[in-house]
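Remarks on the structure that follows.
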Amino acid sequence: MARKLIIAGNWKMNHGAGKTREIVCGLRAELADVMAVDIVVCPPFTSLAAAVEAAAGSNIVVAAQNLHWAENGAFTGEISAAMLTELPVTYVIIGHSERRHYFGETDETVNQRLRAALDAGLIPIVCVGETQHEREAGETEAVVGRQLDGGLAGLNTAEVTGTVIAYEPVWAIGTGLTATPDQAQAVHAFIRNRIRAAHGADAADQVRIQYGGSVKVDNAAELMSQADIDGALVGGASLKVDDFAALVRNAAAG
Ligand code: PEP
């Protein structure tokens with residue numbers, strides 16, 4: 001079945017409100033005619049309001065890079081789902097490998113965040129992926145399978161169907177190393193099969209699976225042309241208007 005591509009730019013800890021406004025306005029101008037792709041920008045928390053304002057009425061929507069699972073309370077430095085929906089943002093990234101690596105995220109906390117996001121009506125982008133060491137040890141499917149089972153635990157079929165999965169091999173993030181289209185496709189097919197086994201053919205056919213890991217203008221089209229790759233989560237190449245706009249166009253053409 002045809003799934004609409006979703007290309008999201010994860011800005012990580014880059015761009016304050018002023019720069020965010022400038023970039024979103026630039027992307028609006030460059031990409032106004034691109035309707036075949038869901039275009040998402042993911043600025044830091046303090047730039048979300050600026051992004052939402054600058055994107056209003058356009059084909060660009062906004063994602064947060066994380067959220068906390070509690071509704072409110074004594075969690076210094078954290079942001080709740082309701083705070084995000086009030087802006088409003090549309091998507092939220094959950095379980096990015098940098099969160100797992102630097103901030104101790106586990107499949108359990110990913111699952112708690114996912115529950116909170118879905119309950120609030122946010123669309124989660126849940127990241128999974130193996131390290132270089134795990135790939136070399138032949139553990140890619142075991143690791144990704146475990147992250148999927150733990151992260152998506154307790155979700156019903158409609159919730160899984162509406163969640164975006166981002167397969168991001170850790171060894172390819174920010175390193176300039178990209179999984180080959182064949183390597184990426186193989187893991188995407190594995191993820192889709194795992195969802196088929198747990199939630200049936202319709203959920204598996206509809207769920208969107210992004211690839212992330214050094215996606216650039218030059219490799220986007222070939223990656224997106226793979227049968228089970230439905231978009232990209234892009235870090236470095238999403239930070240400038242020209243790069244990201246060209247990447248989205250190439251992906252749409254792939
Ligand atoms: C990411 O941050 O999710 C990512 C894939 O980064 P990069 O595109 O820079 O590898």
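Not measured: the values here are computed from a predicted model. If you read the sequence from its start, that first residue is 1, and numbering goes on from there. In listed order, ligands and their atoms are each counted from 1.
In this structure, a donor-acceptor pair under 3.5 Å is present between the side chains of Glu136 and Gln132. Side-chain contact of Gln147 with Tyr167: a donor-acceptor pair under 3.5 Å is absent, judged by distance alone. With 3.5 Å as the limit, one finds no donor-acceptor pair spanning the side chains of Thr109 and Gln112.
Salt bridge Asp205/Arg192: absent, no basic N to carboxylate O contact under 4.0 Å.
If you look at ligand 1, the protein residues with a non-hydrogen atom under 4.0 Å away are Asn10, Lys12, His96, Glu168, Ala172, Ile173, Gly174, Gly212, Gly213, Ser214, Leu233, Val234, Gly235, Gly236.
Around atom NZ of Lys4, more than 12 heavy atoms belonging to other residues, nucleotides or ligands sit under 6.0 Å away.
Other cluster members for Trp69: none, since no ILVMFWY side-chain heavy atom sits under 4.5 Å from it.
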